[in-house]
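Right, one structure below, let's go through it.
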2 protein chains.
Amino acid sequence: MSPAMGIALHDDVATRLRRGRQRYTPARRTLVALLHRLDRPHTTAELLDADPSMSQSSLYRNLAVLEQADVVRRLTGSDDAARFELAEDVTGDHHHHLVCTACGTIEDIEVAQAVEEAMHDAIDHAADERGFTTELHRLELLGTCTTCA
Amino acid sequence: MSPAMGIALHDDVATRLRRGRQRYTPARRTLVALLHRLDRPHTTAELLDADPSMSQSSLYRNLAVLEQADVVRRLTGSDDAARFELAEDVTGDHHHHLVCTACGTIEDIEVAQAVEEAMHDAIDHAADERGFTTELHRLELLGTCTTCA
DNA sequence: TTTACTGCAAAGGGTTTGCAACATG
DNA sequence: CATGTTGCAAACCCTTTGCAGTAAA
């Protein structure tokens, strides 16, 4: 990642937070930078381990604030611990997840555009029939990762 | 559902449990019948509410046993409470889920076979590149259900 | 008669919150 | 200075487990 991209990211986050009358504090900036640096979704335990200067309660609160500002996305994998990553709104990419049922690790994955479109069409069609308003779709591939195989 | 179908279901479950040297007790039969009767995945709280004769610990234990026997499927939705349904191995159908981000309710949904195949192809292809062994895929549509709209 | 199952109550673990002090607009 | 934010510790909630008794193969 380029430094310039990092600045654009922070500017974007700052804007999104201001919309909700919330502040882009040093702690939140550190958290966003950490999530940006890590290449996969991580649990709060992993985030605290990566930066012990954060307090647990503030971490949870900041993740909640950032989630509400569409900066962070919360994932519920195979185990009970939630995992967090930067939201697609902020990173610009669209991806799905490989979830290891053995260790709970989540990796990002991208699928062909044709598949995305097919899913999208089927989704909207099926959901509309039920009066369900879809916001987004989530495709997860459950299996075993290389280290657990 | 026909009574005959219910019997076939119970026979199937009994067989699957025997494979793991486990017993199809009255409590488990009641639980399977309850999951069969309910048309959507439900939380343990809802299951206990639907049949207060079950004890909480036995419910959790039996759900775990039935999950391991591929009779029950555990879903982790948008909120923290897990939801349970009969596994596709037992019901014979293949479906995905509409998850309401407002109330957490999960509804079943089926998508066109062509979409299933496209997803399956993309999945295997992308996962293989990462050395990831896929067991199954999970497509979830997040949005707002009719009662929460 | 050995092994699995049940119920109760207590513990566990991830997440949230009350409160007082602090920092920011 | 009014409002948002932080850290600590305690509370919370869903889930799991120890144990002693019961039922099934």
Side-chain angles (χ1 to χ4, degrees), chain A residues 10-11 13-32 34 41-69 71-84 103-106, chain B residues 10 13-34 41-69 71-84 103-106:
Chain A
H10 287 301
D11 285 350
V13 172
T15 302
R16 288 171 186 272
L17 283 176
R18 265 194 298 272
R19 265 180 223 150
R21 280 175 211 76
Q22 281 147 339
R23 300 166 189 166
Y24 199 26
T25 63
R28 290 176 185 173
R29 180 177 270 264
T30 302
L31 175 54
V32 167
L34 179 60
H42 288 274
T43 62
T44 53
E46 290 166 344
L47 295 173
L48 284 170
D49 194 58
D51 187 343
S53 75
M54 299 185 294
S55 89
Q56 191 192 41
S57 58
S58 291
L59 174 59
Y60 276 104
R61 275 194 275 233
N62 285 332
L63 285 169
V65 166
L66 291 169
E67 186 186 8
Q68 197 144 9
V71 173
V72 160
R73 182 175 171 190
R74 174 195 303 255
L75 305 174
T76 59
S78 60
D79 53 5
D80 37 359
R83 282 154 204 271
F84 301 86
C103 67
T105 298
I106 301 181
Chain B
H10 287 302
V13 172
T15 302
R16 289 171 185 272
L17 284 176
R18 267 195 296 272
R19 266 181 220 149
R21 279 176 213 76
Q22 281 148 339
R23 300 167 189 165
Y24 198 27
T25 63
R28 292 177 185 172
R29 178 178 271 264
T30 301
L31 175 53
V32 167
L34 179 59
H42 288 274
T43 62
T44 54
E46 291 166 345
L47 294 173
L48 284 170
D49 194 59
D51 186 345
S53 74
M54 299 186 294
S55 90
Q56 191 192 39
S57 57
S58 291
L59 174 59
Y60 276 103
R61 276 194 276 236
N62 286 332
L63 285 169
V65 165
L66 291 169
E67 186 186 8
Q68 196 142 10
V71 173
V72 160
R73 182 176 173 190
R74 173 193 304 255
L75 305 175
T76 59
S78 59
D79 53 5
D80 37 359
R83 280 154 205 271
F84 300 86
C103 66
T105 298
I106 302 181

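What you are looking at is a predicted structure, and each value in this text was computed from that prediction instead of being measured.
Contact annotation: side chain of Ser57(A) to base of dC8(D), donor-acceptor pair present below 3.5 Å. One can find a donor-acceptor pair under 3.5 Å joining the base of dG18(D) and the side-chain atoms of Arg61(B).
OP1 or OP2 of dG7(D) lies within a sub-4.0 Å distance of a side-chain N or O belonging to Ser58(A).
One interatomic measurement links the two molecules: CZ of Arg18(B) to P of dA4(C), which rounds to 16 Å at whole-angstrom precision. Rounded to whole Å, the distance from CZ on Arg29(A) to C1' on dT6(D) is 18 Å. Here dA4(C) presents its C1' atom at 17 Å from OH of Tyr24(B), a figure rounded to the nearest Å. What separates CG of Leu63(A) from P of dT16(C) is a distance of 9 Å, to the nearest Å. We find that CG of Leu17(A) is positioned 12 Å from C1' of dT5(D), with the value rounded to whole Å. When the P atom of dC22(C) is taken as reference, atom CZ of Arg28(A) falls 19 Å away, rounded to whole Å. Distance, Leu48(A) CG to dT16(C) P: 13 Å, rounded to whole Å. Taking atom CG on Leu59(B) and atom P on dC5(C), their separation rounds to 15 Å, with Å as the unit.
Looking at the side chain of Thr25(B), the nearest of the listed nucleotides dT6(C), dG7(D), dA23(D) is dT6(C). In this structure, the nucleotide among dG25(C), dC8(C), dT6(D) sitting nearest to the side chain of Arg23(A) is dG25(C). Listed candidates were dG7(C), dT6(C), dG14(C). Nearest to the side chain of Asn62(B) is dT6(C).
Residue Ala45(A) is classed as having no contact, given no heavy-atom separation below 4.0 Å to the nucleic acid. Across all strands, Ala82(A) comes closer than 4.0 Å only to sugar-phosphate atoms, never to a base (heavy-atom distances). If you check every strand for non-hydrogen atoms under 4.0 Å, Thr43(B) touches nothing. As judged by a 4.0 angstrom heavy-atom cut-off over every strand, Ala27(B) is placed among residues touching the sugar-phosphate backbone only. Within 4.0 Å (heavy atoms only), Gln56(A) reaches at least one base atom of the nucleic acid.
Taking the six-membered ring wherever Trp is involved, the centroid distance between the rings of His42(B) and Phe84(B) does not fall below 6.0 Å.
Checking side-chain atoms of Gln68(B) against main-chain N and O of Val65(B) turns up no donor-acceptor pair under 3.5 Å. Under the 3.5 Å distance criterion, the side-chain polar atoms of Arg28(B) are matched with a main-chain donor or acceptor of Arg23(B). Asp49(B) places no side-chain N or O within donor-acceptor distance of the main-chain N or O of Ala45(B), the cut-off being under 3.5 Å.
Projected onto DNA chain D by closest heavy-atom contact, Ser53(A) and Tyr60(B) fall at different nucleotides, the more 5' of which corresponds to Ser53(A).
In this structure, OG1 in Thr43(A) is found 5.5 Å from CZ in Arg83(A), a value given to the nearest 0.5 Å.
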